[in-house]
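First up is the structure itself, then whatever we jot down about it.
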Amino acid sequence: MIDVQLPDGSTRTLDEGSSARDLAAAIGPRLASDAIAAQVNGELTDLTRPLADGDHVAIVTPASDLGRDVLRHSTAHVLAQAVVRMWPGAHYAIGPSIRDGFYYDFDLPHGTRFSDDDLARIEHTMRAIVAEDQPFLRSEFTIEEGLELFKDQPFKVEIISGVRGGANPEDAGEIGGSVVSTYSNTPEFQDLCRGPHVPSTKRLGHFKLMRVAGAYWRGDEKRPQLQRIYGTAWESKEALAAHLVQLEEAEKRDHRRLGVEMDLFSFPGELGPGLAVFHPKGGTMRRVMEEYSRARHVEAGYDFVNSPHITKAELFETSGHLDWYAESMYPPMDLDDGQQYYLKPMNCPFHVLIFKARQRSYRELPLRMFEFGSVYRYEKSGAVHGLTRVRGMTQDDAHIFCTREQMRQELIDLLTFVLALLRDFGLNDFYLELSTRPEVKSVGSDEEWREAESTLADVARQAGLDLVLDEGGGAFYGPKISVQARDAIGRTHQLSTIQLDFQLPQRFEASYVAGDNARHRPIMIHRALFGSVERFMAILIEHYAGNMPTWMSPEQVVVLGVRDDHDDYANEVAARLRRDGVRVSVEAANEPLGSRIRRAKLEKVPYILVVGDDDVRAHTVGVNARGANDPERGVDLDEFLARLREEIAAHGSPELDRAS
RNA sequence: GCCUGGGUAGCUCAGUCGGUAGAGCAGCGCAUUCGUAAUGCGCAGGUCAGGAGUUCGAAUCUCCUCCCAGGCUCCA
């Protein structure tokens, strides 16, 4: 007999050789039928693996993170089996579970390509395999046996021999050290896999193939491009349906769609990819964001600077950007006198030149230079995406020049400032990421990097937020902290970055004179809070689903007269509000009230004021607030204005669930 | 840059076998004067992304280019 411990701390006594499946059965029939895998001493395993005395065992069921992970992985296997059945000779590469689903990469014989229509056919075959109720059977082999077994599957051979050669240590886990484990349902299909899997294909079924995409083998641009099929899979029909609904919701708040609907911005074909124009309403939104940011920066002790959009090549030769990033800069303009000029992809070297414009004293430090700097980057054509990845953008960029001694406090203050500003825009769920020295692209000595990295790590920890490590993700000149924010529907976005830089001051030979009358090298901190104004706006639009807080709304109030003989009063109300800086318009009463209200609602205007006979008489307004169910009648105009001013001043955010 | 799929009126979309372009909304005009999410009638709107080819004839078939979407790669 053996004793195993359950997650609740209790123990169960089982027969020698019992598996997790037996354990589940001993606990109850319901759990026995739900069980798809087990977690033994923290390790995810098949249900059938024998347990040992003293094991800590948790039964994994589908409606859990681990459970979904297992069934997505198993569904990926079924996908591969279906593809192999339909395209004999197909090579299959890897097929992991991912967030919300799974994928599998293939290389079809004779360069055949999947089409969208194929997805439905493959799904059909998958459902047939599920209906066949095939068991997932685990087998173990030596590396040599594994190589023989998969001799017709070059990608599998590469994974197995990579482990033998020690080339890819991360693959060792994939196949379990020196043991090659495989899963097969039928002789038709066998896959190299660490497992675990659900006991049988009949446990699957709530899945949908989403799309086909290209993906490089091992993520390497220089290696063959495989065809990847993405799918989503869930524990129940309801969970699958809920996921699909959520995708639709995300699509509804897509900033590219709302940008058109709300008349904020557009991408005229005449300009080229990734180049946006902002319409009056989008322009207003930007202006409000920028004005607020400027005001806060003034308070925080920043100086405002400006720099041109183009420069001689020399500047970016000195900075090093041309060495590392020439391919993502616009090609140079060749002038008659042989000079090459570049559009700027970065503001930092300009700010260094401002620092160097005259001799600097330690008394001036920290010197904080801020600029809404427009930069141009030649993003690969496949990389541009709405406002979030563009070729022309404006950064809320600043560079802080300080001494080594000031660096730590400056970073602490900066992080506090960053988080406060982001909160003012209605984001409040953050974590931090620390990006360390890149393996290939980087300059500087080891100890400089060590000092920079440890200082940033300290400061990040002091902020009291979760900190995750992004190994090798830093810039070539220094490590960075980035602030990641979760939006209203749970997606995370990298927003602000704070980079520590010992290199540029050296490259430009920037210095200040200290109290010891000697020249010293300043430290440079690069930081952007929005990242780019365009991208930040896109994130906010999606966060709020277009229902911008009143202070950011391009149009804050629309006034509607009930009949056209109320238009004079409507204009009077608007004039009063406008005098207090409210962005307000009047829709004349030449169409029915209901239709004007509807239009204003669709435009997501925070307040619709309806004025009729009663209001003219009593100097009141009817207030129809965005997201509210019942309009308020007979609100005193001055009282409404006071409420509105208070809300705007407080930077109140709409309650996200209220505004739909 | 690469892979797959797209591009028809301002927007959303229909358009059969290759036979010469259609709806709703938006816009404009006229009428309507209305108390909280669509008043009625009328009008206008198109180089079917662009170019080349096949054909008696191309939105439709072929090729090239541009742009968009989803991925991969990249993101100072």
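The chains referred to below are lettered A, B, ... by the order of the sequence lines, with proteins before strands, and numbering in each begins at 1.
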For nucleotides A21(B) and A58(B), find the distance between their C1' atoms and express it as a whole number of Å.
13 Å

Contacts satisfying salt bridge (charged side-chain N to carboxylate O under 4.0 Å, His left out) that involve residues 608-621 of chain A (not counting sequence neighbours) are Arg563(A)-Asp613(A), Asp614(A)-Arg617(A), Asp614(A)-Arg633(A)

Each nucleotide of nucleotides 69-76 of chain B classed B (base within 4.0 Å of a protein heavy atom), S (only sugar-phosphate) or -, in 5' to 3' order, makes SBBBBBBB

All pairs passing salt bridge (charged side-chain N to carboxylate O under 4.0 Å, His left out) where residues 258-276 of chain A contributes a residue, at least two apart
Arg257(A)-Glu261(A)

Check the distance between U12(B)'s C1' and Arg257(A)'s CZ and give it to me in whole angstrom.
9 Å

In Watson-Crick or G-U wobble terms, both distances under 3.5 Å, what is the partner of A69(B)?
U4(B)

Roughly, in whole Å, what's the span from CG in Asn590(A) to C1' in C41(B)?
16 Å

Run the salt bridge (Lys or Arg N to Asp or Glu O under 4.0 Å) test on Arg643(A) and Glu639(A) for me, step by step, so that the C-alpha distance in whole Å, both residues' side-chain angles and the decisive distance to 0.1 Å come before the verdict.
CA-CA 6 Å; Arg643(A) 265 155 49 176; Glu639(A) 191 205 320; 3.1 Å; yes

side-chain contact (heavy atoms from CB on, under 4.5 Å) between Leu415(A) and Leu411(A), worked out:
CA-CA 6 Å; Leu415(A) 196 53; Leu411(A) 287 168; over 6 Å; no

Measure from the side-chain heavy atoms of Leu593(A) and tell me the nearest of A38(B), U36(B), C67(B).
U36(B)

Between A23(B) and G35(B) - P atom distance, rounded Å:
33 Å

How would you label the contact of Ile597(A) with the nucleic acid (heavy atoms, under 4.0 Å): base, sugar-phosphate, or nothing?
base

Atom pair distance, as rounded to whole Å: CG in Asp107(A) and P in C3(B)
14 Å

Comparing nearest nucleotides in RNA chain B, the 5'-proximal residue of the pair Arg598(A), Pro273(A) is Arg598(A)

Contacting residues from residues 521-536 of chain A, given that a heavy atom lies under 4.0 angstrom of RNA chain B
none

Length of the line joining Asp263(A):CG and G27(B):C1', which is rounded to integer Å:
13 Å

Is a side-chain N or O of Arg391(A) found less than 3.5 angstrom from the main chain of Glu379(A), in a donor-acceptor match?
yes

Sequence-distant partners of Asp323(A), salt bridge (Lys or Arg N to Asp or Glu O under 4.0 Å), two or more places apart:
none

P atoms of G22(B) and A44(B), separation to the nearest Å
13 Å

Using purine N1 to pyrimidine N3 plus N6-O4 or O6-N4 for Watson-Crick, or N1-O2 and O6-N3 for G-U wobble, both under 3.5 Å, which nucleotide pairs with C13(B)?
G22(B)

Residue pairs passing the salt bridge (charged side-chain N to carboxylate O under 4.0 Å, His left out) test with at least one member in residues 92-105 of chain A, sequence neighbours excluded, are Asp105(A)-Arg228(A)

Looking at every strand, decide which applies to Asp630(A) at a 4.0 Å heavy-atom threshold: base, sugar-phosphate, or nothing.
nothing

A14(B) versus C63(B) - spacing of their C1' atoms, nearest Å:
28 Å

How far, in whole Å, is C56(B) from U20(B) if one measures between their C1' atoms?
13 Å

Nearest-angstrom distance, P atom, C66(B) to G27(B):
36 Å

From C-beta outward on Glu591(A), which listed nucleotide comes closest to its side chain: A37(B), U33(B), U39(B)?
U39(B)

Please check if the distance between the ring centroids of His526(A) and Tyr477(A) is under 6.0 Å.
yes

Pro592(A) near the nucleic acid: base, sugar-phosphate alone, or nothing, with a heavy-atom cut-off under 4.0 Å?
base

Residue list, ring-ring contact (aromatic ring centres under 6.0 Å, His included) with Phe114(A), at least two apart or on another chain:
Trp87(A), Phe106(A)

Quick one: salt bridge (Lys or Arg N to Asp or Glu O under 4.0 Å) partners of Arg377(A), sequence neighbours excluded?
none

Identified pairing partner of C74(B), criterion: Watson-Crick or G-U wobble below 3.5 Å:
none

Answer with base, sugar-phosphate or nothing: what part of the nucleic acid does Gly594(A) contact at a heavy-atom distance below 4.0 Å?
sugar-phosphate

In whole Å, I'd like the distance from the CD atom of Glu587(A) to the C1' atom of A38(B).
14 Å

Expressed as a whole number of angstroms, how long is the span from Asp614(A):CG to U36(B):C1'?
14 Å

Measuring only the P atom in each nucleotide, how far is C13(B) from G6(B)? A whole number of Å is fine.
14 Å

Should the side chain of Asp615(A) and the base of G35(B) be counted as holding a donor-acceptor pair, with the cut-off at 3.5 Å?
yes

Answer with base, sugar-phosphate or nothing: what part of the nucleic acid does Ser595(A) contact at a heavy-atom distance below 4.0 Å?
sugar-phosphate

Base-pairing assignment for G45(B) (Watson-Crick or G-U wobble, both under 3.5 Å)
none

The complete set of salt bridge (charged side-chain N to carboxylate O under 4.0 Å, His left out) pairs with one or both residues in residues 343-356 of chain A, sequence neighbours excluded, reads Lys344(A)-Glu371(A)

Let's test this: given Watson-Crick or G-U wobble pairing with both distances under 3.5 Å, identify the partner of U36(B).
none

Can you tell me the pairing partner of A58(B) across any strand shown, Watson-Crick or G-U wobble, with both distances under 3.5 angstrom?
none

Check for me whether Arg535(A) meets the cation-pi criterion with Phe530(A), that is, NZ or CZ under 6.0 Å from the six-membered ring centre and within 45 degrees of the ring axis.
no

Using whole Å, report how far OH of Tyr103(A) lies from P of C3(B).
20 Å

Can you check the Asp568(A) CG to U33(B) C1' distance for me, whole Å?
15 Å

Whole-angstrom distance between C3(B) and A49(B), as gauged at atom P
23 Å

